Amino acid sequence: MKEKQVLETEVGVLRDAEAALKEDKLEASTRATVMEKQLEELRSREAQLKSSVKTLREELRKVQSSAALLERQRNPGVGYWAANGSTSGSSSRPVGTPSSERGPILNGSAPSSPVPPAEVAPPGGRGSTGSEQSSTEEAVNLEYLRNVILQFLENEKMRPDLVRVLSIILRFTPQETRRLLAKVG
């Protein structure tokens, strides 16, 4: 009889172990199903991201080709006075730059901005010859550039505005201007 009790106890333990194993199997099966759903969602997300990357690369190529085209179309020359050697000084922007790109500084809305060359009276005055006038204008333009740089170095709060002025004088590309604005802004 004792053997029978021992056997019944062992059978009970085995049944409990079997039930625990069935429960573990059910949990594992549930976890596997959840993980398969997560994997499916991740694959879907990966496909969306790949599509987005492809679209962004195409957009980047377009922007880069546009920037390269703009760079090729940009007028050569160094500095403000290389624009076209105009003697009137009526325009404070380089050749080829629309007046809408001049910004608030050169349109006169910025307080205490450097005086543009158009408003500085040339030392040669009236009645000077063409070459004297050209060299006088170049001296005025150099003085203007000098004043802008001095104000840039002395007035930290005005730097973003002066970067725009310098970008016009030195004919920076929009990309160069944005890069400098990011540094000083």
Side-chain angles (χ1 to χ4, degrees), residues 45-126 128-185:
R45 180 72 176 140
E46 180 185 24
Q48 288 176 341
L49 290 174
K50 283 182 179 181
S51 174
S52 295
V53 166
K54 183 179 178 182
T55 303
L56 288 172
R57 282 187 179 151
E58 290 171 1
E59 290 296 318
L60 179 61
R61 271 190 225 110
K62 289 177 186 177
V63 168
Q64 286 174 336
S65 67
S66 295
L69 178 63
L70 288 173
E71 183 65 28
R72 284 191 299 268
Q73 292 175 344
R74 183 174 165 226
N75 290 334
V78 177
Y80 174 86
W81 50 89
N84 70 351
S86 68
T87 57
S88 67
S90 62
S91 174
S92 57
R93 60 183 168 85
V95 172
T97 305
S99 61
S100 63
E101 291 180 11
R102 290 180 1 188
I105 296 287
L106 295 179
N107 287 329
S109 63
S112 72
S113 64
V115 180
E119 299 174 16
V120 176
R126 291 190 175 145
S128 59
T129 65
S131 65
E132 289 176 351
Q133 203 168 14
S134 176
S135 66
T136 301
E137 184 175 326
E138 185 173 310
V140 169
N141 290 331
L142 187 59
E143 182 66 21
Y144 178 58
L145 177 62
R146 180 182 169 275
N147 289 335
V148 170
I149 291 173
L150 281 172
Q151 284 201 18
F152 180 86
L153 294 172
E154 292 173 349
N155 300 315
E156 192 170 301
K157 290 181 181 178
M158 288 181 60
R159 286 184 181 170
D161 294 329
L162 292 172
V163 163
R164 291 183 188 97
V165 172
L166 287 169
S167 71
I168 292 170
I169 295 171
L170 300 175
R171 295 183 173 189
F172 293 158
T173 63
Q175 181 182 9
E176 292 167 330
T177 303
R178 282 191 300 272
R179 194 174 72 213
L180 288 174
L181 283 171
K183 295 277 185 188
V184 299

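In this text the structure is predicted, and so the values were computed from the model without any measurement.
- Identified under the salt bridge (charged side-chain N to carboxylate O under 4.0 Å, His left out) test for residues 147-159, with sequence neighbours left out: none.
- Tested against Gln151, the residues Asn155, Ile149, Val148 include a single side-chain contact (heavy atoms from CB on, under 4.5 Å) partner, Asn155.
- Between the CD atom in Glu59 and the CZ atom in Arg57 there is a gap of 14.0 Å [rounded to 0.5 Å].
- Residue Leu56 holds its CG atom at 9.5 Å from CD of Glu58, rounded to the nearest 0.5 Å.
- Counting all heavy atoms, side chain and backbone alike, Val163 lies closest to Thr177 at CG1-O, 4.2 Å.
- Distance check: Phe152 CZ to Leu166 CG gives 6.5 Å after rounding to the nearest 0.5 Å.
- Taking CG of Leu181 as the reference point, atom CG of Asp161 lies at 9.0 Å (rounded to 0.5 Å).
- Counting heavy atoms from C-beta outward, Leu180 and Val184 have side chains that stay 4.5 Å or more apart.
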Using atom types as modelled, flag every donor-acceptor pair under 3.5 Å from a side chain in residues 45-53 to any protein atom, sequence neighbours excluded.
{"unit_1": "Ser52", "atom_1": "OG", "unit_2": "Gln48", "atom_2": "O", "d": "3.1"}

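- Contact check on Arg146 versus Glu143 returns a salt bridge, with a Lys/Arg side-chain nitrogen under 4.0 Å from an Asp/Glu carboxylate oxygen.
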